[in-house]
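In what follows, residues are counted from 1 in the order of the sequence shown. Please read these numbers as outputs of a predicted model, since none were measured by experiment. Scope of the values below: all heavy atoms of this structure, side chains included, with no hydrogens, waters or symmetry mates.
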Amino acid sequence: FYIYAYDPKQSVITEEDKDSLKKKLDQQGITVLEINLYDLVVKTLKDNGDWDWYIEKEPSMTKQELREELQGILDVEKVLTPEIAKIIKSKDHDLVFLTGIGEVFPYIRSHSILNNLQVVAKHKPTVIFFPGEYQHSLDKGATLKLFSRLEDDKYYRAFNIDEYEV
């Protein structure tokens with residue numbers, strides 16, 4: 001697992017760079033499977049028949065109610081991780097790009113996704129595109145700071161791709 005942390009203000013450029021990298025890798029015979037969490041959430045809500053309910057109820061719900069509903073419907077361990085596992089098993093690939101982390105906050109937390117992916121995405125390298133910072137320090141350990149502002153739970157199992165040499 002590798003974290004590619006980027007400045008959230010550079011999201012458009014990062015998206016373009018990611019697409020360019022996918023094309024270059026494909027030209028070298030390396031197949032990238034991209035899983036966008038936001039797209040997966042929308043697909044899951046539609047497939048489970050919850051999308052129309054969500055669209056209808058969302059305007060009348062508080063942010064807290066909305067987050068709780070979505071967290072219940074989109075349980076990371078029981079719903080999203082099995083969906084990700086199906087995608088990984090169904091498509092031939094050499095590398096996984098996981099995107100859409102910022103778009104699914106706060107109802108899906110990055111550390112929860114990463115911890116659960118350890119079970120289903122362990123056979124091929126996975127690069128997580130993270131809008132924020134991934135920092136290592138002796139006193140704090142490894143931390144993810146979404147949008148460079150919101151510190152998530154500690155996460156230790158991924159390498160910072162900026163510090164990795166080939």
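- Checking side-chain atoms of Asp26 against main-chain N and O of Thr31 turns up no donor-acceptor pair under 3.5 Å.
- Asp7 contributes a side-chain N or O that, together with a main-chain N or O of Lys9, makes up a donor-acceptor pair within less than 3.5 Å.
- Every side-chain contact (heavy atoms from CB on, under 4.5 Å) that Thr62 has, sequence neighbours left out, goes to Gln64, Glu65.
- No donor-acceptor pair under 3.5 Å is formed between the side chain of Lys91 and the backbone N or O of Leu33.
- Side-chain atoms of Ser60 come within 3.5 Å of backbone N or O of Lys57 as a donor-acceptor pair.
- Applying the side-chain contact (heavy atoms from CB on, under 4.5 Å) criterion to Val119, with sequence neighbours excluded, gives no partner residue.
- Taking Asp47 as the reference, Lys43 meet the side-chain hydrogen bond (donor to acceptor under 3.5 Å, both in side chains) condition, with sequence neighbours excluded.
- Close placement of the Phe97 and Phe129 rings is indicated, their centers lying within 6.0 Å of each other.
- Checked against ring-ring contact (aromatic ring centres under 6.0 Å, His included), Tyr107 has no partners two or more places apart in sequence or in another chain.
- Here side chain to side chain donor-acceptor pair (under 3.5 Å) pairs that include residues 11-20, with residues two or more places apart or in two chains, are Glu15-Lys18, Lys18-Glu34.
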With a 3.5 Å cut-off and sequence neighbours excluded, list the donor-acceptor pairs that the side chains of residues 72-81 form with protein atoms.
from, atom 1, to, atom 2, distance (Å)
Asp75, OD1, Glu77, N, 3.1
Asp75, OD1, Lys78, N, 2.6
Thr81, OG1, Val76, O, 2.7

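- Using cut-offs of 30° and 60° for the angle between ring planes, the Tyr54 and Trp51 rings count as tilted.
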>> Run the side-chain contact (heavy atoms from CB on, under 4.5 Å) test on Leu45 and Leu70 for me, step by step, so that the C-alpha distance in whole Å, both residues' side-chain angles and the decisive distance to 0.1 Å come before the verdict.
In response: CA-CA 9 Å; Leu45 289 171; Leu70 286 172; 4.2 Å; yes
